[in-house]
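Below: the structure, in structure tokens.
Letters go in sequence order (proteins before strands), and every chain restarts at 1.
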Amino acid sequence: MKYDPGKIESKWQENWAADDVYRMTASDGNEKYYCLEMFPYPSGKLHMGHVRNYSIGDVIARYRRMHGFNVMHPMGFDSFGMPAENAAIERNTHPAIWTRQNIEVMRSQLQDMGFAYDWEREIASHRPGYYRWNQWLFLRLLERDLAYRKDALLNWCPSCETVLANEQVEENLCWRCGAVVEDRRMSQWFFRVTAYTDELLDGLDELDGWPERVRTMQRNWIGKSSGTRVTFDVEDSGEELVIFTTRIDTIFGASFMVLAPEHPLAERWRENGPGPDSEQVPEEFASAIDKLEKMPRRQNLGEASDKAGVFTGYYAINPFNRERLPIWITNFVLMDYGTGAIMGVPAHDERDFEFAQKYGLPIRPVIGPGEGDSPAWVDQPDQMEEASSLYGVLLPICGDYAGMTSEAAQQKMLEDANAGDFGETAVEYKIKDWGVSRQRYWGTPIPVIYCPDCGTVSVPDEDLPVTLPEEAEFTGAGGSPLGRVESFVNVDCPTCGGPAKRETDTMDTFVCSSWYYLRYLSPHDSRQPYDRGDADYWGPVDIYIGGITHAVLHLLYFRFFCKAMADLDLLSIREPVTRLLTQGMVLMGGTAMSKSKGNVVDPGEMVSRYGVDATRIFVLFAAPPERDFEWDEGGIEGCSRFLNRTFSLIEGSHEALERISGAGEGTHLVEPFLELRRKAHETTRRVTQEVDQRLHFNTAIAALMELLNECYAATAAVPVAEAGMAAWVYRDVFERMVVMLAPFAPHLSQELWEMLGHEGYVVDQAWPTYDIAVLARESVSMAVQVDGKVRGSIEVPAGLEDKDALVAEALKNSNVARHVKGRLIARSFVVPGKIVSLNTG
RNA sequence: GCCCAAGUGGCGGAAUUGGCAGACGCGCUAGGUUCAGGACCUAGUGGGCUUCGGCCCGUGGGGGUUCAAGUCCCUCCUUGGGCACCA
């Protein structure tokens with residue numbers, strides 16, 4: 001009989017479905033294990049990245065189940081989002097229809113892959129039964145002031161016709177479509193992520209199950225910096241100007257002040273005209289500010305960076321030395337960071353240096369190196385060719401602070417500023433609140449009503465869900481599509497009953513994915529988002545597997561939601577995920593597979609050619625999970641060969657095995673059988689370690705391949721039919737092999753399990769253990785070095801640790817003796833079981 | 001510019017704590033089988049030399065620590081990733 005993957009795979013998938021083998025029915029007394037993979041956006045068909053992601057998760061879920069854990073392993077669809085709407089526009093269909101069709105296709109593909117999901121728990125975020133809980137959670141956040149509405153300068157994607165969160169803008173481009181993002185002032189809903197900045201940051205230190213790379217990216221994103229807020233008086237105006245700096249020690253080097261064009265003072269002066277020292281007329285001045293405001297910002301223009309500015313005609317007074325500093329408005333200060341105003345210290349800040357050079361402002365160094373030679377600019381400021389941002393010692397020009405180190409000066413200056421009431425410590429963060437409003441149709445309606453009399457009113461819980469009206473128009477242009485659906489917009493105010501209007505924006509789809517792991521626990525519950533008892537039992541997720549692309553985006557929101565929900569008393573945990581595995585990409589020709597590049601390998605095609613098991617084995621075998629790997633046709637053939645050989649081995653010997661099954665354990669074994677048994681236990685040890693701790697499935701599979709090769713060698717020497725009393729070793733080794741193969745190639749191993757005469761499912765078998773006594777060898781081989789070079793190896797009894805005896809044994813080796821050449825052994829080192837190192841004088 | 005990974009045969013990769021580098025797979029070579037091809041089986045496969053005993057070189061380059069370095073330290077190079085007008 002020949003290995004026929006298609007036949008075996010459909011046979012067992014039918015059996016699994018009929019017997020509900022993957023339904024999660026938690027049994028008491030077992031430890032829980034929540035294995036979660038990032039749910040896919042239903043874009044059409046499964047791609048290789050999905051296959052890799054879900055194969056990894058499936059191995060872990062099956063492996064844990066075989067260790068007796070109650071394993072939660074669900075799957076669903078992240079089904080709200082722009083592509084559905086765009087497809088609807090292009091194909092003149094409805095997003096709901098397109099989405100439903102894609103889900104059908106992808107679910108069936110996932111089922112064809114034999115993944116051990118509990119499909120009873122499937123969720124899809126576009127269904128009202130799911131998104132009503134987005135709305136419910138939104139209202140809970142609103143009650144606690146963790147959701148709020150404000151006017152803000154936002155990232156507008158002109159191509160997607162919607163605003164984007166800061167996390168969704170990469171290098172000033174839209175993360176999804178790549179269009180250049182514009183600034184636009186709008187009124188929007190926000191989630192107060194900044195209420196948790198310190199916890200989000202500090203929590204990273206404890207997340208030792210997360211890759212350092214991801215933690216670093218989140219730290220960078222949060223961007224905490226500690227410094228000082230300093231208040232300057234604006235001369236002859238009664239105004240104050242507050243700036244933020246991390247380098248108050250350089251304040252004696254300040255030679256100008258800078259405002260963002262949106263700064264309140266800048267806006268006022270734009271209205272009222274420039275100060276007395278300006279040479280510009282009011283109109284010129286105002287238009288200069290307008291121009292600055294429109295210049296591209298928030299991006300490093302590198303060499304071509306064009307900093308520009310306009311002098312306001314006003315001066316600020318440095319509170320430390322009473323110096324008059326001209327106030328400028330520029331395009332390089334951002335209003336939404338710090339106070340939107342800075343002091344310009346060109347000698348010690350690259351950007352200020354560049355600006356000062358352009359406008360001929362003084363450059364005055366005030367920090368010198370603490371030790372070593374002083375650069376020329378310490379005495380001759382005009383020698384300065386670039387800013388020095390080093391921490392050092394304050395130069396004589398710094399009055400009372402001269403001679404202090406930067407650190408000491410920072411401390412003293414802060415104290416003095418506090419005492420003089422013109423400064424205080426301040427901490428600034430790069431991270432901003434999460435803007436969640438989207439001017440699109442295919443998302444969760446924001447459950448809020450605007451009443452002319454009552455203001456902003458929450459939709460009452462009992463009126464949830466606010467369902468998406470089906471009849472919207474999809475033109476992809478002209479504001480929120482919901483705004484054009486009269487029957488949706490017009491509503492009675494829940495408070496006063498008068499005519500009111502609904503919010504017409506929808507929520508960012510990242511809201512859906514921020515808490516979905518909890519909905520899997522109670523997917524059909526219509527009274528609550530999830531059962532609290534279940535959440536307490538199953539949380540946190542033990543392992544979460546997905547792409548690195550979400551290192552900041554989704555994973556930051558995920559953590560935020562967990563903390564916010566804990567504070568809403570909806571959860572007992574404050575971190576959602578214990579261990580994070582970020583899997584690498586499947587490449588083709590060095591780049592990610594993509595339709596536009598035409599380098600896509602269709603998993604369906606691989607499955608029909610080589611079978612599900614071979615496809616799964618290959619994506620696991622090609623590289624460790626976190627690394628990218630190149631798709632290789634030859635590689636999958638090798639995996640297919642491995643499965644074929646496994647099949648042939650057992651298919652060719654199981655009948656003989658049955659005939660002599662009487663032979664029992666305890667029989668005295670001769671060498672080849674002892675060695676095969678040892679190898680099998682050794683393999684058990686290796687596979688267990690690789691899967692359990694390191695999640696290196698490639699080496700686990702390699703170990704199984706080695707064992708198979710040993711089996712071939714053994715059966716070639718002594719066929720099963722001739723093994724007699726030792727045949728039980730073959731049975732034991734084959735069963736071990738089949739059971740350990742089960743997480744990787746579940747269909748084939750199930751078939752072989754049956755062939756070996758067993759009923760039931762191999763996934764319900766206990767994972768094999770190994771016996772130290774079996775692993776032990778009677779003798780071990782040790783390398784012998786002479787003067788640092790390997791010159792031979794010796795075979796010695798396993799327990800032998802006596803140094804003199806081992807050295808004596810080593811010297812019996814003729815090649816070793818030749819290299820020692822009768823010289824004295826000056827020193828020797830012995831690591832029992834590994835090496836004997838001899839050194840001649 | 002700053003920070004973090006990584007660099008090992010023709011290729012993907014292995015080497016758990018400093019202890020015989022190259023497991024496993026692909027590819028390649030030879031032999032077997034076959035009408036032929038494919039498939040399958042067996043053996044070999046880092047480079048150079050060899051008197052066939054072995055010897056020399058070898059984990060991006062250079063230096064160091066050590067009886068012993070892919071592994072630790074210093075330095076440089078390359079690739080990938082992250083951050084970058086955030087004061």
Contact under 4.0 Å: [X] side-chain N or O vs [N] OP1/OP2:
| X | N | answer |
| --- | --- | --- |
| Ser225(A) | rA87(B) | yes |
| Arg641(A) | rC26(B) | yes |
| Asn709(A) | rG25(B) | yes |
| His819(A) | rG54(B) | no |
| Arg694(A) | rA15(B) | yes |
| Arg645(A) | rA39(B) | no |
| Asn698(A) | rA14(B) | yes |
| Lys789(A) | rC57(B) | yes |

Exercise for the section: Would you kindly check if the NZ (Lys) or CZ (Arg) of Lys307(A) is within the cone defined by 45 degrees around the ring axis of Phe355(A) and under 6.0 Å from the six-membered ring centre? Expected result: no
Problem - Minimum-distance nucleotide to Gln785(A) side chain [options: rC67(B), rA15(B), rG82(B)] - result: rC67(B)
Exercise for the section: Measure the distance between the ring centre of Phe332(A) and the centre of the six-membered base ring of rC85(B), then answer whether it is under 5.5 Å with planes under 30°. Expected result: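 A stacking contact does not exist, since Phe332(A) is not both close and nearly parallel to the base ring of rC85(B).
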Handout entry: Value in whole Å for how far the C1' atom of rC85(B) lies from CZ of Phe353(A)
Key =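 So the two atoms are 16 Å apart, to the nearest Å.
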Completion exercise
The dot-bracket string of RNA chain B, counting Watson-Crick and G-U wobble pairs with both distances under 3.5 Å, using [ ] for crossing pairs and | for pairs to another strand, is (((((((..(((......[....)))((((((.......))))))((((....))))..(((((..]....))))))))))))....
Handout entry: Ring centres under 6.0 angstrom apart (Phe621(A), Phe642(A))
Key = no
